[in-house]
Amino acid sequence: MTDEYFMRLALREAEKAAAVDEVPIGAVIVKEGVVIARAHNEKEKRNSAVRHAEICAIEKATKKVGNWWLEGCTLYVTLEPCAMCAGAIVNSRLDRVVYGAADPRYGFLGSLADLPVDYALNHRPQETRGVLAEECAALLSAFFRAKREQNRKN
């Protein structure tokens with residue numbers, strides 16, 4: 001299976017987030033070609049600033065494997081991770097991160113900084129950027145466009 005295949009699964013998670021009025025970001029974690037965790041943003045649902053898709057997926061994956069080390073795993077996420085999520089990626093020892101759309105305002109895997117590369121951290125996951133970037137960005141743009149239109153009506 002390809003990066004595009006797993007990113008499409010992450011996009012489905014992002015669509016689930018949008019359906020419940022969460023910012024549409026989705027994530028999946030894969031080990032040995034098998035999805036071991038799926039998640040999307042839950043910030044509004046849980047009233048929590050830390051319930052990003054990546055954090056939710058990492059929590060599920062660590063429970064699945066029975067260890068907080070996620071060596072041998074790849075995270076697919078529709079938007080470039082923020083500083084918090086980049087830190088969690090390093091701390092959980094994910095081998096690889098694949099993301100869709102770049103995030104020039106908050107991205108910490110290449111846009112504002114590249115946390116694992118720019119700092120002397122003990123773990124550096126392999127990074128693959130821009131997989132299905134246009135589709136990932138389009139979903140986010142449509143969500144925020146609808147939000148702005150809704151706010152104008154209110």
Side-chain angles (χ1 to χ4, degrees), residues 1-18 22-46 48-65 67-144 147:
M1 290 183 227
T2 66
D3 286 344
E4 290 81 11
Y5 172 83
F6 291 115
M7 188 60 73
R8 289 197 191 288
L9 296 179
L11 274 164
R12 284 191 203 139
E13 286 298 314
E15 290 166 354
K16 290 178 187 176
E22 294 276 359
V23 174
I25 300 170
V28 298
I29 297 180
V30 176
K31 183 171 185 163
E32 297 172 357
V34 176
V35 175
I36 62 168
R38 302 168 189 255
H40 55 269
N41 272 8
E42 295 182 348
K43 290 170 63 175
E44 302 301 325
K45 177 181 179 182
R46 304 281 185 210
S48 172
V50 300
R51 299 300 295 169
H52 291 197
E54 300 95 313
I55 301 296
C56 297
I58 287 169
E59 287 180 343
K60 289 179 180 181
T62 58
K63 288 178 183 166
K64 178 81 173 182
V65 300
N67 192 331
W68 61 269
W69 282 50
L70 294 176
E71 291 179 314
C73 296
T74 299
L75 167 69
Y76 293 85
V77 61
T78 57
L79 183 67
E80 178 183 355
C82 69
M84 175 184 70
C85 293
I89 288 162
V90 170
N91 286 330
S92 65
R93 309 300 196 274
L94 281 155
D95 282 357
R96 186 168 174 243
V97 179
V98 179
Y99 69 80
D103 187 350
R105 293 180 64 205
Y106 298 103
F108 262 74
L109 286 184
S111 290
L112 289 177
D114 194 331
L115 188 81
V117 173
D118 294 346
Y119 300 93
L121 300 179
N122 63 337
H123 178 71
R124 291 185 178 165
Q126 179 187 358
E127 299 172 22
T128 303
R129 304 171 182 170
V131 175
L132 301 180
E134 290 178 13
E135 291 178 47
C136 294
L139 183 58
L140 285 159
S141 294
F143 177 82
F144 287 115
K147 283 286 194 194

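Model, not experiment: these values are computed from the prediction.
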Is any side-chain heavy atom of Val23 closer than 4.5 Å to one of Phe144?
yes
Residues, nucleotides or ligands: over 12 heavy atoms within 6.0 Å of Lys64 NZ
no
According to salt bridge (charged side-chain N to carboxylate O under 4.0 Å, His left out), does anything in residues 5-15 pair up with another residue at least two apart or in another chain? List the pairs.
Arg8-Glu135, Glu13-Lys16
Tell me the salt bridge (charged side-chain N to carboxylate O under 4.0 Å, His left out) pairs involving residues 88-100, sequence neighbours left out?
Asp3-Arg96
Shortest non-hydrogen contact from [X] to [Y]?
X      : Y      : value
Val28  : Ala10  : CG1-N, 4.0 Å
Ala61  : Ile36  : CB-CD1, 3.8 Å
Cys56  : Ala39  : CB-CB, 3.6 Å
Cys73  : Leu94  : CB-CD2, 3.7 Å
Glu127 : Leu109 : OE1-O, 3.4 Å
Glu80  : Ala102 : OE1-CA, 3.5 Å

For [X] and [Y], indicate whether the former's side chain and the latter's backbone hold a donor-acceptor pair under 3.5 Å.
X     : Y     : result
Thr78 : Leu11 : no
Asn41 : Lys43 : no
Glu22 : Glu44 : yes

Checking Ala18 now: which residues fulfil side chain to side chain contact (heavy atoms under 4.5 Å, CB included) with it, not counting sequence neighbours?
Pro24, Phe143
Summary of ring-ring contact (aromatic ring centres under 6.0 Å, His included) pairs that have at least one residue in residues 74-113, sequence neighbours excluded
Phe6-Tyr76
What pairs meet the side chain to side chain donor-acceptor pair (under 3.5 Å) rule with one or both residues in residues 54-63, with sequence neighbours excluded?
Arg51-Glu59
For residues 113-120, please give each side-chain donor-acceptor pair under 3.5 Å, one per line with the distance, not counting sequence neighbours.
unit_1	atom_1	unit_2	atom_2	d
Asp114	OD2	Arg129	NH2	2.7
Asp118	OD2	Asp114	N	2.8

